[in-house]
> 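Got a structure for you, written out below as structure tokens; questions coming shortly.
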Amino acid sequence: MTAIRALTTTEDLEEAGLIANAQRAQLSDVAARYAIAVTPAMAALIDPGNPDDPIARQFIPDAAELVRLPEEREDPIGDGAHSPVEGIVHRYPDRVLLKAVHVCPVYCRFCFRREMVGPQGLGTLASQAMDKAFAYIADHPEIWEVILTGGDPLVLSPRRLASIMERLAGIDHVKIVRFHTRVPVVEPERVDEALIAALKASGKTTYLALHANHPRELTAKASAACARLVDAGVVMVSQSVLLKGVNDNADTLAALMRAFVENRIKPYYLHHPDLAPGTSHFRLTVEEGQALVASLRGRISGLCQPAYVLDIPGGHGKTVISASTIEDDGGGCYTVSDFHGEPHAYPPVVPAQA
């Protein structure tokens, strides 16, 4: 059957033909612990006849989510260690996260904030807490960029988004406002004139980081939503997560990155999956990820190359973990590998004069 609303229970998933009746009991414990939401746009992309469907793998609960490894943690990237006031994460000197809401239109099964988001999560930042968050931003002139995340900030109404942007417009040292969202892909009809207008403010440059992990997510409607944003002056970049069974092969990654560029979205981050509880079935090894990213060199345009990054557990920030292509041989000489993996001397060896 065709979904006409978000699917938020195992019963909904069964009625939509996305899980079998026998799976409902098996998945009840998963549903009790972690939120479920699949929008009509994503439900329509799922092939129920394919047990390995990459869209289903991202959004349909799996019993493997109840398997928790010792190294997994509820706050895998250490937001709490850098939260001076509720709703603010100040990990890097010139930018902060503003977590205005902890609700999403879809709930990714690999989410690094899965213990905080959803109907039973931290909810929307209360007005008093929001006031304190803005006061913190105003009191710290080193803050050049505010990144709205959560949750998905674009689930807020245009009125509430406009109110946030109006308050940021009054803080002169903030120059960049960035939104992290899945909305243009998972709920493209939400991206209308009112929402786009709400994302802009005088004196600020608006960036939107779109989260998508498979080229099939960039449907015609999603592309049209992105075009509306870009045409209105919103700069778009991408973020994706490297996921086993979703995009862990060079052809899929290449198609995804090309699709971003074709939609005027600059590939930005490719995240190694975080150590969130119950997500080990999504994680490749770092070495496997490095090999995949290295395989993109020469295969696709430089415009299409993302930075492969790892968020260091404990709140120590991101680091680029792409495989090194240059080695110091000592004495100012190096060995550098081309995109075929062939080694070359740098500087080139000068032939001896006869």
> Would the distance check show the side chain of Asn50 and the main-chain N or O of Asp52 forming a donor-acceptor pair, the cut-off being under 3.5 Å?
yes
> Hey, could you give me the CD/CD1 distance between Gln23 and Ile60, rounded to the nearest 0.5 Å?
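Going from CD on Gln23 over to CD1 on Ile60, the span is 9.0 Å.
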> Show, in sequence, the C-alpha distance, side-chain angles and deciding distance for Leu310 and Val320, and conclude whether the side chain to side chain contact (heavy atoms under 4.5 Å, CB included) test is met.
CA-CA 6 Å; Leu310 170 72; Val320 176; over 6 Å; no
> Around atom CD of Glu327, are there more than 12 heavy atoms of other residues, nucleotides or ligands at under 6.0 Å?
no
> Calculate, to the nearest 0.5 Å, the distance between atoms OH and CE belonging to Tyr268 and Met257 respectively.
14.0 Å
> Using a strict cut-off of less than 4.0 Å between a Lys/Arg side-chain nitrogen and an Asp/Glu carboxylate oxygen, indicate whether Glu187 and Arg182 qualify as a salt bridge.
no
> Step through the shown structure and confirm whether more than 12 heavy atoms of other residues, nucleotides or ligands are within 6.0 Å of NZ on Lys132.
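Not buried by this count: 12 neighbours or fewer within 6.0 Å.
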> Determine, for Arg114 against Glu65, whether the closest basic-nitrogen to carboxylate-oxygen distance falls under 4.0 angstrom.
yes
> Check this for me: does any side-chain nitrogen of one of Arg113 and Asp75 sit under 4.0 Å from a carboxylate oxygen of the other?
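So Arg113 does not pair with Asp75 through a salt bridge.
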> Testing the 3.5 Å rule here: is there a donor-acceptor pair between the side chains of His344 and Asp338?
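Yes, side-chain donor-acceptor contact under 3.5 Å.
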> Using a cut-off of 6.0 Å, state whether more than 12 heavy atoms not belonging to Lys204 lie near its atom NZ.
yes
> Do Val241 and Leu284 share a hydrophobic cluster (ILVMFWY, side-chain heavy atoms under 4.5 Å, transitive)?
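Each belongs to a different hydrophobic cluster.
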> What pair of heavy atoms forms the shortest contact from Val106 to Cys104, and how long is it?
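Answer, listing the atom of Val106 first, then Cys104: O-CB, 3.0 Å.
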> Contact between Glu142 and His90 at the side-chain level, heavy atoms closer than 4.5 Å - yes or no?
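Yes. Closest side-chain heavy atoms under 4.5 Å.
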> Closer than 3.5 angstrom, by distance alone: can the side chain of Ser240 be matched with the main-chain N or O of Ala212 as a donor-acceptor pair?
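Yes; at least one donor-acceptor contact below 3.5 Å.
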> At what distance, to the nearest 0.5 angstrom, does OG of Ser202 lie from CD of Glu166?
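Separation between the atoms: 11.0 Å.
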> Quick one, Leu292 and Leu253 - any side-chain contact, counting heavy atoms below 4.5 Å?
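In contact.
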> Could you tell me if Arg178 sits above the aromatic ring of Tyr207, with its cationic atom closer than 6.0 Å to the ring centre and no more than 45 degrees from the axis?
no
> On the 0 to 90° scale, with breaks at 30° and 60°, tag the His211-Phe110 ring pair as parallel, tilted or perpendicular.
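Perpendicular, since the angle between the ring planes exceeds 60°.
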> Do NZ/NE/NH1/NH2 and the carboxylate oxygens of Asp131 and Arg167 come within less than 4.0 Å?
yes
> For Thr279 and Arg283, test the side chains for any donor-to-acceptor distance below 3.5 angstrom and give the result as yes or no.
yes
> Looking at Asp152 and Arg190, is there a salt bridge between them, counting it only when a charged N and a carboxylate O are closer than 4.0 Å?
no
> Phe282 vs Arg109, test: side chain to side chain contact (heavy atoms under 4.5 Å, CB included). Steps then yes/no.
CA-CA 9 Å; Phe282 284 109; Arg109 311 321 303 171; 3.9 Å; yes
> Is Asp79 salt-bridged to Lys99, going by a charged N under 4.0 Å from an acidic O?
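Answer for the salt bridge query: yes.
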> Can you see which heavy atom on Pro61 is nearest to which on Ile36, and at what distance?
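Closest approach of Pro61 to Ile36: CG-CD1, 3.7 Å.
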> Assess the pair Tyr92 and His82: is the distance between their ring centroids shorter than 6.0 Å?
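Here the rings of His82 and Tyr92 have centres that are no less than 6.0 Å from each other.
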> Taking atom types as modelled, find out whether Thr252 and Asn247 have a side-chain donor-acceptor pair closer than 3.5 angstrom.
no
> Which is it for His271 and Tyr308 under the side-chain hydrogen bond (donor to acceptor under 3.5 Å, both in side chains) test, yes or no, and what are the steps along the way?
CA-CA 6 Å; His271 295 269; Tyr308 181 36; over 6 Å; no
> Would you please test His316 and Arg91 for side chain to side chain contact (heavy atoms under 4.5 Å, CB included) and show each step?
CA-CA 8 Å; His316 302 289; Arg91 180 179 288 109; over 6 Å; no
> Run Thr10 and Ile19 through side chain to side chain contact (heavy atoms under 4.5 Å, CB included) and show every step you take.
CA-CA 8 Å; Thr10 53; Ile19 63 171; 4.2 Å; yes
